[in-house]
Amino acid sequence: MENNQRIELPQHLLDEVQRVISLFPEGKQKSALLRVLHIAQAHFGWLSVDVMDYVARLLHIQPIEVYEVATFYSMYDTQQVGKVKLEVCRTGPCMIEGAENIVNYIEKKLGIKDGETTADGIFTLKTVECLGACGYAPMLQAGEKFHEHLTEEKVDALIEAYRSNPVANYMGENQNG
Amino acid sequence: MARKLLLNNVHIEGIHNYDVYRKNGGYAAVEKALKTMSPEDVVEEVKKSGLRGRGGAGFPTGMKWSFLAKPEGVPRHLLCNADESEPGTFKDRYLMEKIPHLLIEGMILSSFALGANQSYIYIRGEYMFVLRIVEKAIAEAYANGWLGKNILGTGYDLDLSIMPGAGAYICGEETALIESLEGKRGNPRMKPPFPAIQGLWQRPTVVNNVETITAVVPIVNEGGDEYAKIGIGRSTGTKLISASGNVNKPGVYEIELGLSVEEFIYSDQYLGGMKNGKRLKACVPGGSSVPILPHYLVCKTANGEDRLMSYESLADGGFQTGSMLGSGGFIVFDEDQCIVRNTWNFARFYHHESCGQCSPCREGTGWMEKVLHRLEEGHGTIADIDLLWDIQRKIEGNTICPLGDAAAWPVAAAIRHFREEFEWHVNQPKESQIRNYGLVADKSFQTENA
Amino acid sequence: MSEQIQKFTITIDGKSIQVDPGTTILNAARMIGGEVVPPAMCYYSSLKGSGGKCRTCLVEVSKGSEKDPRPMPKLVASCSTSVMDGMEVKNKSSEKVIDARKGVVEFLLINHPLDCPVCDQAGECHLQDLAFEHGVGQSRYEFERRTFDKVDLGEYIKLHMTRCILCYRCVYTANQLTDNREHGILKRGDAAEISTFIEKNLSNDFIGNVIDVCPVGALTDKTFRFRSRVWYTKPMDASCSCDKCNGNAVLWMIGDEIARVTARKDQYGEVKEFICNDCRFNKKEKSQWNIEGPRKISRHSVISANHYEREIPKHTVLLNKA
Ligand SMILES: Cc1cc2nc3c(=O)[nH]c(=O)nc-3n(C[C@H](O)[C@H](O)[C@H](O)COP(=O)(O)O)c2cc1C
Ligand code: SF4
Ligand code: SF4
Ligand code: FES
Ligand code: FES
């Protein structure tokens with residue numbers, strides 16, 4: 001499989017995978033799956049079939065076990081997404097504090113709808129369910145970072161910041177302040 | 001001044017660092033427990049404290065611990081539930097972000113009490129930045145001899161690590177959490193067997209909420225009896241409340257159980273009243289799953305007594321006129337909010353989060369969402385309201401896990417208390433699109449006579 | 001070893017039986033037989049871990065046990081609840097059960113296509129039976145139904161995901177009968193689907209059994225010949241010598257031709273002896289089999305009443321709505 005050869009985590013991340021596996025008893029390496037998928041997604045940008053097959057090999061499990069998990073959890077992307085995912089919370093407490101306006105504003109500003117990616121491949125807009133920031137609503141998550149008490153001005157500023165440094169999706173690696 | 005047991009040190013600069021935490025009395029409880037107490041002593045203190053699970057169900061923690069099976073030669077596990085995905089709830093995040101060592105200290109105490117040597121914190125994947133804070137604190141705890149082999153030379157070993165979920169509310173349900181921690185889909189398991197008998201990797205397991213576990217620290221420090229003096233009746237101790245919605249000062253508050261709801265909402269020490277001088281319309285006092293209360297049942301019970309922030313008082317009146325303390329996700333709605341829209345919003349949440357294993361929840365949650373959306377958009381009929389009632393009734397109690405109930409209750413409560421507003425959406429479809437119904441009539445006289 | 005195992009007495013709709021401890025309510029009901037048996041769409045006795053999901057088998061426990069006679073607060077899944085000594089259970093005699101079961105049937109049908117007339121499973125479909133016996137006449141669901149494209153899972157098996165009720169039986173089958181499972185449940189909630197994720201042949205020797213365990217027409221046999229004349233097939237018990245399985249099967253004959261081969265099912269539609277792919281898909285010549293005689297269809301079914309000779313009765317609930 002020629003393609004698979006290119007799918008390989010760099011050594012420091014392979015070490016991290018080994019560390020995570022070592023946190024579980026012998027033979028329970030499947031328990032590391034969720035975390036390893038986060039590592040893989042952060043590195044490769046999204047979870048293609050090749051990436052998932054690679055993760056299956058790392059953990060000595062069947063590929064279908066990885067597909068089942070990757071498609072269950074909403075944070076994993078099994079389709080390509082933009083470099084920066086803007087995930088706006090749409091649940092009750094955020095809604096009553098104006099989350100819908102924020103979504104509309106981003107849609108207009110970026111010219112994309114919920115679930116779409118900008119033509120330059122930088123931004124994907126996604127509405128998500130409560131992220132545990134209800135008291136600081138409205139809010140969005142970009143990569144690992146929470147942006148809270150959103151206003152249109154704040155959205156402008158953060159979009160500018162990510163546009164010039166679009167690395168927010170890479171969990172655990174680079175982060176925009 | 002109200003007592004704080006968990007957040008008393010939270011405003012100290014650098015308290016998330018080991019040195020600062022230690023200097024401020026951190027890990028004293030571990031020293032005390034490991035050096036002067038037996039595991040049974042710790043369990044006994046927790047029983048005496050009357051501590052009840054802070055994850056939502058309010059089950060007495062000491063009793064839960066005493067159910068743990070202890071077969072010879074089989075490792076057992078303590079899992080900390082940091083999945084915190086119940087809409088309206090963000091207190092565990094606050095604790096872990098601000099004062100991560102308190103959780104670690106609680107994990108050591110609780111693991112010791114249960115005889116667990118390998119414990120895990122399962123945190124929702126979206127809290128990855130919190131995971132990193134806790135993971136750093138765990139490393140500090142290892143480096144200072146609070147974790148690992150032979151802690152404090154007592155012969156007690158404990159390994160602790162933190163693992164992320166990846167976006168699934170259902171993984172807060174304890175058996176789904178266990179499945180997830182085994183690297184699987186978060187499908188809740190059938191019970192029995194209960195985790196206390198067969199949990200993680202089929203071994204005896206206890207799952208406790210972050211706040212429950214941190215509460216063990218003051219319980220060991222001050223003794224269970226002291227802890228039990230705080231609070232009211234069977235609601236002992238303090239509780240973290242996550243407050244959101246249309247109030248002046250949303251955020252996380254530590255309250256003594258028994259505080260009056262009125263004081264909590266309106267006093268400056270807490271939420272500081274309604275934002276923009278609006279009137280209170282409704283309140284969901286314990287996270288999205290619990291029944292919504294109309295304004296006239298928020299500060300008073302149906303009997304006209306003061307409603308208190310306690311397990312019993314919030315539940316006073318049952319589902320007819322009461323609600324639940326739940327996870328302490330306190331969501332306040334002002335007169336500008338549309339109950340139909342909010343009910344639809346919550347229904348969408350449960351539809352989105354159903355694991356899909358059992359038919360009533362898998363199919364019923366989506367159906368409710370669709371009917372509610374139709375009503376909200378002004379295309380519904382009066383029959384839709386009855387249909388909704390019937391769907392929620394057929395989900396409730398008939399599913400594998402309580403997510404089905406959690407999806408049904410908010411719909412039932414909204415119809416129970418705000419039926420006129422639903423009907424208004426049907427009868428005034430145009431108007432309902434441009435303005436809100438306002439406050440519903442006070443039905444307390446009727447309920448009194450009923 | 002003369003020590004007598006203590007037996008538990010359980011009473012279901014007024015009929016009592018003694019069973020071994022550990023027996024489930026459903027299996028106790030099956031031992032009694034007849035009307036007291038709750039319908040089961042996901043439980044499958046030979047598949048470990050199955051059951052609990054569809055909720056059609058819910059029953060009311062009106063007395064927990066002799067020791068603790070309190071009734072259980074909620075209806076319980078009879079397929080995964082163990083009998084206690086002195087337990088009293090209500091199946092059809094409970095209004096609550098009838099009502100809840102109607103609800104479950106309605107839930108199962110809201111996203112089910114109403115294509116019974118063209119479905120291979122018609123007449124053998126447990127959902128059809130269930131709807132007929134326990135359902136309500138009219139669906140109150142007015143939204144678009146969930147649909148999926150049909151997919152081929154290799155040369156033998158076709159997946160019609162739209163019909164699937166997510167009972168998980170085929171997943172347990174692949175887990176327990178084959179050494180590496182290649183299909184599973186993807187996504188979640190009502191978007192969940194059975195799939196291999198990437199186009200893939202299910203190739204394992206025993207994977208064909210997923211067709212037999214599927215309670216509906218979601219997994220079907222692509223080698224099934226003369227589908228158009230499915231109503232005229234006659235089931236014959238037959239056996240062959242096979243080195244992979246025990247070779248006990250049912251041949252579904254049209255005249256002298258074998259239309260398809262399945263394993264033998266009991267009255268609850270369950271296969272007790274699974275057969276291999278070779279027997280199921282590749283032995284379509286009469287000479288390859290030793291025919292034992294006509295199979296008795298003991299299963300209580302919408303269609304068995306018609307001895308497989310006429311078309312599906314027009315009065316079934318599903319067809320009414322089509
Ligand atoms: C759908 C669902 C979601 C839940 N989510 C959480 C959660 O996010 N955090 C939590 O601590 N408990 C949650 N629970 C409750 C747990 O199942 C469990 O009761 C709790 O973790 C026990 O801890 P405690 O006794 O300390 O409260 C949830 C329960 C259900 C049914
Ligand atoms: S009630 Fe819902 S979330 Fe719980 S097991 Fe059933 S389908 Fe899954
Ligand atoms: S395909 Fe058939 S056996 Fe598999 S889950 Fe669906 S209904 Fe059940
Ligand atoms: S509702 Fe948006 S963060 Fe909770
Ligand atoms: S047969 Fe019991 S729940 Fe499906």
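Order of the sequence lines fixes the chain letters, A, B, ..., with proteins taken first and strands second; residue numbering starts at 1 for each chain.
Minimum interatomic distance between B:Met190 and C:Ser80 (heavy atoms only, all atoms of both residues): CG-OG, 4.2 Å. Pairing each heavy atom of B:Ser359 with each of C:Val104, the nearest pair is OG-CG1, 4.2 Å.
For C:Glu35, the CD atom sits in a loose shell: 12 or fewer heavy atoms of surrounding residues, nucleotides or ligands are nearer than 6.0 Å. With a 6.0 Å radius and a threshold of 12 heavy atoms from other residues, nucleotides or ligands, C:Asp68 has its CG atom above the threshold. No more than 12 heavy atoms of other residues, nucleotides or ligands lie within 6.0 Å of NZ in C:Lys67, so this atom counts as exposed by the packing criterion.
Residue contact with chain B, scored on non-hydrogen atoms closer than 4.5 Å, involves the side chain of C:Phe143 exclusively. Contacts between B:Ala168 and chain C at a heavy-atom distance below 4.5 Å involve backbone atoms as well as side-chain atoms. In this structure, the portion of B:Thr399 lying under 4.5 Å from any heavy atom of chain C is its backbone and not its side chain. Both the backbone and the side chain of C:Leu166 come within contact range of chain B, with heavy atoms under 4.5 Å apart. Both the backbone and the side chain of B:Glu353 come within less than 4.5 Å of a heavy atom in chain C. Both the backbone and the side chain of C:Leu75 come within contact range of chain B, judged by heavy atoms closer than 4.5 Å.
Contact check for B:Arg362 versus C:Leu108: side-chain heavy atoms found under the 4.5 Å cut-off. Looking at heavy atoms from C-beta onward, C:Arg55 lies out of side-chain contact with B:Lys394 at the 4.5 angstrom threshold. For the pair C:Asp99 and B:Arg393, the minimum side-chain heavy-atom distance is below 4.5 Å. B:Glu369 is not listed as a side-chain neighbour of C:Asp190, based on a closest heavy-atom distance of 4.5 Å or more. Counting heavy atoms from C-beta on, the side chains of C:Phe107 and B:Asn398 never come closer than 4.5 Å.
Among B:Ile391, B:Ile395, B:Asp390, the residue with the largest count of heavy-atom pairs under 4.5 Å with chain C is B:Asp390. Contact tally against chain B (heavy-atom pairs below 4.5 Å) for C:Lys102, C:Met41, C:Arg146: the top residue is C:Arg146. Ranked by heavy-atom pairs shorter than 4.5 Å toward chain C, the options B:Gly364, B:Ser354, B:Pro360 are led by B:Pro360.
In terms of modelled atom types and a separation under 3.5 Å, the side chain of B:Arg185 and the main chain of C:Lys187 share a donor-acceptor contact.
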**Prompt:** Yes or no on side-chain contact (heavy atoms from CB on, under 4.5 Å) for B:Val371 and C:Arg140, after CA distance, side-chain angles and deciding distance?
**Reply:** CA-CA 11 Å; B:Val371 177; C:Arg140 296 174 294 172; over 6 Å; no
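Between C:Glu144 and B:Lys370, none of the side-chain N atoms (NZ, or NE/NH1/NH2) sits under 4.0 Å from a carboxylate O, so this pair counts as no salt bridge.
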